[in-house]
Amino acid sequence: MNRIIFATQNKGKIVEIKEIMEGCEVVPMSEVGFEGDIEENGTSFEENALIKAKAVWEKTGGLVMADDSGLEVDALGLEPGIYSARYLGRDVPFKEKMDDILRRLEGVADKERTARFVCAVAAVLPDGSSQVVRGTMEGRIGYEQAGDKGFGYDPIVVIPEYGRTVAQLTADEKNAISHRGKALRLMKERLAGGVL
Ligand code: IMP
């Protein structure tokens with residue numbers, strides 16, 4: 001089975017990635033002895049994903065993938081964007097981050113509440129070459145937090161086609177339409193016949 005080392009410490013992501021990349025062995029970087037934080041100092045999702053994948057590949061070789069993702073809210077000038085995990089401070093609970101976004105959108109009409117999750121996936125191949133792809137999931141910011149599935153900002157992002165927040169979708173429903181699902185499947189297609 002093909003082994004993919006995934007450069008993340010986020011357990012919620014690893015669960016999703018394993019479901020989406022079925023047929024491959026997905027190993028988190030901690031299991032191959034990579035500890036510590038990688039500084040994400042890029043200016044785009046793509047740059048940050050590549051920085052993370054390269055940092056791990058330098059130590060491990062093999063096939064390494066990383067993602068960088070976040071929420072873009074149109075009425076907030078695409079904030080929190082690449083700063084989604086760090087919004088208001090990395091240790092501030094998501095409940096508070098989401099309350100803050102809802103507060104900032106008070107008085108903003110439905111059609112102006114458009115937002116999207118973005119995910120860039122980078123792969124560094126055993127020969128050191130790299131590929132980067134992007135996936136998005138369009139939605140709207142709701143008026144309150146709803147749902148207890150998923151992670152991060154899922155409870156405030158409503159998917160119009162489902163009339164539910166991402167945190168109210170089953171794992172299968174989310175994976176079928178998610179930014180991460182789309183980017184990972186695209187990467188799988190790109191690598192098929194080569195290293196996968
Ligand atoms: P990263 O780990 O640097 O990619 O940061 C991603 C951050 O974006 C996460 O901590 C979440 O705040 C947010 N995010 C990314 N994908 C999702 C998702 O699928 N649901 C909810 N929040 C997400």
Side-chain angles (χ1 to χ4, degrees), residues 5-21 26 28-30 34 36-56 64-73 76 78-102 104 115-123 132-142 145-159 162 164-187:
I5 298 167
F6 216 98
T8 185
Q9 318 210 43
N10 182 324
K11 293 195 177 73
K13 278 189 190 176
I14 284 285
V15 171
E16 289 187 4
I17 292 159
K18 281 187 171 163
E19 285 164 0
I20 295 160
M21 300 302 275
V26 179
M29 61 185 185
S30 57
F34 193 98
D37 281 334
I38 301 162
E39 202 193 343
E40 293 173 31
N41 52 10
T43 56
S44 66
F45 293 109
E46 281 81 359
E47 255 188 273
N48 280 337
L50 201 49
I51 287 170
K52 287 187 262 188
K54 278 188 172 157
V56 174
V64 179
M65 285 190 198
D67 83 329
D68 195 58
S69 51
L71 176 67
E72 290 182 346
V73 181
L76 301 180
L78 303 187
E79 276 186 61
I82 58 169
Y83 301 105
S84 294
R86 293 167 269 177
Y87 186 61
L88 301 181
R90 202 171 271 281
D91 295 330
V92 171
F94 272 93
K95 208 176 166 327
E96 281 177 40
K97 296 184 204 280
M98 289 187 281
D99 276 343
D100 188 73
I101 289 176
L102 292 175
R104 290 178 68 191
R116 72 203 51 76
F117 279 119
V118 178
C119 177
V121 170
V132 189
V133 296
R134 164 182 284 226
T136 59
M137 171 167 62
E138 300 287 334
R140 286 190 185 184
I141 303 299
Q145 299 182 29
D148 55 9
K149 300 186 183 68
F151 66 97
Y153 295 94
D154 284 344
I156 57 168
V157 178
V158 177
I159 304 300
Y162 288 81
R164 280 180 278 161
T165 68
V166 180
Q168 293 171 319
L169 300 181
T170 65
D172 282 348
E173 283 173 332
K174 178 176 178 182
N175 290 341
I177 60 166
S178 81
H179 49 314
R180 193 166 300 101
K182 287 176 188 162
L184 285 167
R185 282 191 292 272
L186 196 57
M187 183 59 84

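One is the number of the first residue; the rest follow in order along the sequence. In listed order, ligands and their atoms are each counted from 1.
Dense packing is recorded around NZ of K149, with more than 12 heavy atoms of other residues, nucleotides or ligands lying under 6.0 Å away.
Residue contacts with ligand 1: F94 is included, with a non-hydrogen atom under 4.0 Å away. Every heavy atom of K97 sits 4.0 Å or more from the atoms of ligand 1. Residue-ligand proximity: K13 is placed with a non-hydrogen atom under 4.0 Å from ligand 1. In this structure, S178 falls outside the shell of residues with a heavy atom less than 4.0 angstrom from ligand 1.
The two residues L88 and E96 make their nearest non-hydrogen contact at CD1-O, 4.0 Å. Closest non-hydrogen pair, R116 versus V118, comes out as CG-CG2, 3.7 Å. Residues V56 and F34 approach most closely at CA-CE1, 3.9 Å, considering heavy atoms.
Interface atoms of ligand 1 facing G70, defined by a heavy-atom separation under 4.0 Å, are 8 (O), 15 (C). The contact set between ligand 1 and G152, taken as ligand atoms under 4.0 Å from a residue heavy atom, comprises 21 (C), 22 (N). Residue K52 approaches ligand 1 through these ligand atoms, each under 4.0 Å from one of its heavy atoms: 3 (O), 4 (O). Those atoms of ligand 1 with a heavy atom of D68 less than 4.0 angstrom away are 1 (P), 3 (O), 4 (O). Annotation for ligand 1: atoms under 4.0 Å from non-hydrogen atoms of E40 are 3 (O).
Judged by distance alone, the side chain of R86 and the main-chain N or O of R90 form no donor-acceptor pair under 3.5 Å.
The aromatic rings of Y153 and F94 sit perpendicular, their planes meeting at an angle over 60°, well past the 30° parallel limit.
By the 4.5 Å heavy-atom criterion applied to side chains, V166 and S178 are not counted as neighbours.
Of the protein's non-hydrogen atoms, the one nearest atom 23 (C) of ligand 1 is F117 CE2, 3.6 Å. When hydrogens are left out, the protein atom nearest atom 21 (C) of ligand 1 is F151 O, 2.9 Å; that is the closest non-hydrogen contact. Residue, atom and distance of the protein heavy atom nearest to atom 13 (C) of ligand 1 are Y153 CD1, 3.9 Å. For atom 16 (N) of ligand 1, the nearest non-hydrogen atom of the protein is R180 NH2, 2.8 Å.
Below 3.5 Å of separation, one finds an N or O of D154 facing an N or O of ligand 1. Ligand 1 has an N or O atom lying under 3.5 Å from an N or O atom of K174, backbone or side chain.
Looking at S69, S84, A66, it is S69 that brings a heavy atom closest to atom 5 (O) of ligand 1.
Salt bridge annotation for R180-D67: present, with a cationic side-chain nitrogen under 4.0 angstrom from a carboxylate oxygen.
D99 and Q145 share a donor-acceptor pair across their side chains, judged by distance under 3.5 Å alone.
When each of K95, K97, K174, R164 is tested with D154 by the rule salt bridge (Lys or Arg N to Asp or Glu O under 4.0 Å), just one qualifies, namely K174.
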